[in-house]
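Have a look at the structure below before the remarks.
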Number of protein chains: 2
Amino acid sequence: MQISSRFSVAVHVLSLLALQEPTDVLLTSERMAGSVNTNPVVIRRILGQLKKAGLVEVRPAAGGTFLARSPVAISLLDVYRAVEVVEEGQLFSVHDKPNPACPVGRTIQSALDHTLQRAQTALEQVLAATTLQQVTTDIQQKAGLLT
Amino acid sequence: MQISSRFSVAVHVLSLLALQEPTDVLLTSERMAGSVNTNPVVIRRILGQLKKAGLVEVRPAAGGTFLARSPVAISLLDVYRAVEVVEEGQLFSVHDKPNPACPVGRTIQSALDHTLQRAQTALEQVLAATTLQQVTTDIQQKAGLLT
DNA sequence: CAGATTGTAACATTAGTGGTTACAATGCTA
DNA sequence: TAGCATTGTAACCACTAATGTTACAATCTG
């Protein structure tokens, strides 16, 4: 059980967009799919979500996708929410309908709820504190694109 | 996509064990299944994992399951690990085999790795900081079992 | 208009989950 | 020892989500 790779692919795609230069060849879903090593339809699906969330702008038919915001203004939490890998407050599945005739059964859900929420929030805060800019800077360093 | 309810069921079961009294009826997997509202086999599977992790002791055939440690000495992280809902450092699935011919493709995995690790660790630290004792105290309060 | 690109549906496959059934193994009691 | 209750585990089933593919309509530009 893992958080879908849809999230990491989305970050990959956004990084490509952030690092594209005006003089570069047009960045089509086909080219992005090549970098990610997947089918272009997969990229288009994700782009649809990112567009809906206001993170990218996509030119229909003519090709060309662009960041709708500065990489500094896009957090990994924004991406996570955009691609809907985890529903709000629903990272942990909690068993349904425990027996209310039993004190533990009656109360376990609410006894756990607060902690599980805090755990999820702690994870999401790390994502919120990380921007696309930081990721792309890291990529550039690792790829030897920075001097 | 959610972390399996196996975890919350395990906490439920451990709470039953923590709150059982010596004078109570024997706590069989059947009775625990009644509280959880599931099939006893489900409980037995989970108990097998908890036993393997050293959190419980189970009497074969004769019935009777007991905590192997004090509730203060059992964290929710122990439970999470015991029931193997998430593999070590594998909460986030990251796409395989991005294209190494592209700088982003070549570096995205390692550029993301550190952040994703931190996010997972943040979640796990909340669980580590929460003991079964705290959960059962909460249960007792909510069920009106404390005066 | 033709070609390139996007957007979306449908299909196929796989893995994991949660529940059930079946039954062997085990331990206790009469 | 036999019978019973309980545990332990395998196999099966149905469902869901994820991931990839194919097909093709809609859109835009030269």
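Chain A is the first sequence line, chain B the second, and so forth, proteins listed ahead of strands; every chain is numbered from 1. Note that the coordinates shown come from a computational prediction; the quantities given were computed from them, not determined experimentally.
- DNA chain C is contacted by no residue of residues 3-12 of chain A, taking any non-hydrogen atom closer than 4.0 Å.
- Atom CD of B/E30 has 12 or fewer neighbouring heavy atoms from other residues, nucleotides or ligands inside a 6.0 Å radius.
- Between B/K97 atom NZ and D/dT19 atom C1' the separation is 13 Å, expressed in whole Å.
- With salt bridges taken as basic N to acidic carboxylate O contacts below 4.0 Å, one links A/R81 and A/E88.
- In this structure, A/A62 and A/L26 approach most closely via the heavy-atom pair O-CD2, 3.7 Å.
- Within the nucleic acid shown, A/K51 comes within 4.0 Å of sugar-phosphate atoms alone, with no base atom in reach, counting heavy atoms only.
- Within residues 34-50 of chain A, the residues that have a heavy atom under 4.0 Å from DNA chain C are, in order of number, A/V41, A/R44, A/R45.
- Classified by interplanar angle (parallel below 30°, tilted 30° to 60°, perpendicular above 60°), the ring pair A/F7/A/Y80 is perpendicular.
- When every heavy atom of A/D24 is checked against every heavy atom of A/L19, the shortest pair comes out as OD2-O, 4.4 Å.
- You'll find that the side chain of A/V58 is closest to C/dT6, out of D/dA18, C/dT26, C/dT6.
- Taken over five-pair windows at either terminus, the axes of the helix from C/dC1-D/dG30 to C/dA30-D/dT1 are inclined to one another by 0° (rounded to 10 degrees).
- Nearest-nucleotide positions on DNA chain D for B/S93 and B/A62 put B/A62 closer to the 5' end.
- Between B/H95 and B/Q109, the closest heavy-atom pair is O-NE2, 2.8 Å.
- A straight line from CD of B/Q90 to P of C/dA15 spans 16 Å, rounded to a whole angstrom.
- For B/S29 and D/dT7, the shortest distance from a side-chain N or O to OP1 or OP2 is below 4.0 Å.
- For the pair B/D96 CG and D/dT19 P, the interatomic distance rounds to 11 Å; values are reported in whole Å.
- Nearest heavy atom pair, residue B/M32 against residue B/I43, reads CB-CG2, 4.0 Å.
- A donor-acceptor pair shorter than 3.5 Å cannot be found between the side chains of B/T121 and B/E124.
- In this structure, a donor-acceptor pair under 3.5 Å is present between the side chains of B/S75 and B/D78.
- In this structure, the CD atom of B/E30 is 17 Å from the P atom of D/dC4, given to the nearest Å.
- With DNA chain C read from its 5' end, the first of the two nearest nucleotides for A/M1 and A/T65 is the one closest to A/T65.
- A/Q20 and A/F66 make their closest contact through NE2-CD2, 3.6 Å (heavy atoms, listed as atom of the first residue, atom of the second, distance).
- Between the CG atom of B/L27 and the P atom of D/dA5 there is a distance of 18 Å, given to the nearest Å.
- The nearest heavy atom of DNA chain D to B/R59 and to A/Q2 marks one nucleotide each, and the one closer to the 5' end goes with B/R59.
- Side-chain heavy atoms closer than 4.5 Å link hydrophobic residues (I, L, V, M, F, W, Y) into clusters, and following such links, even through other members, never connects B/V41 to B/I46.
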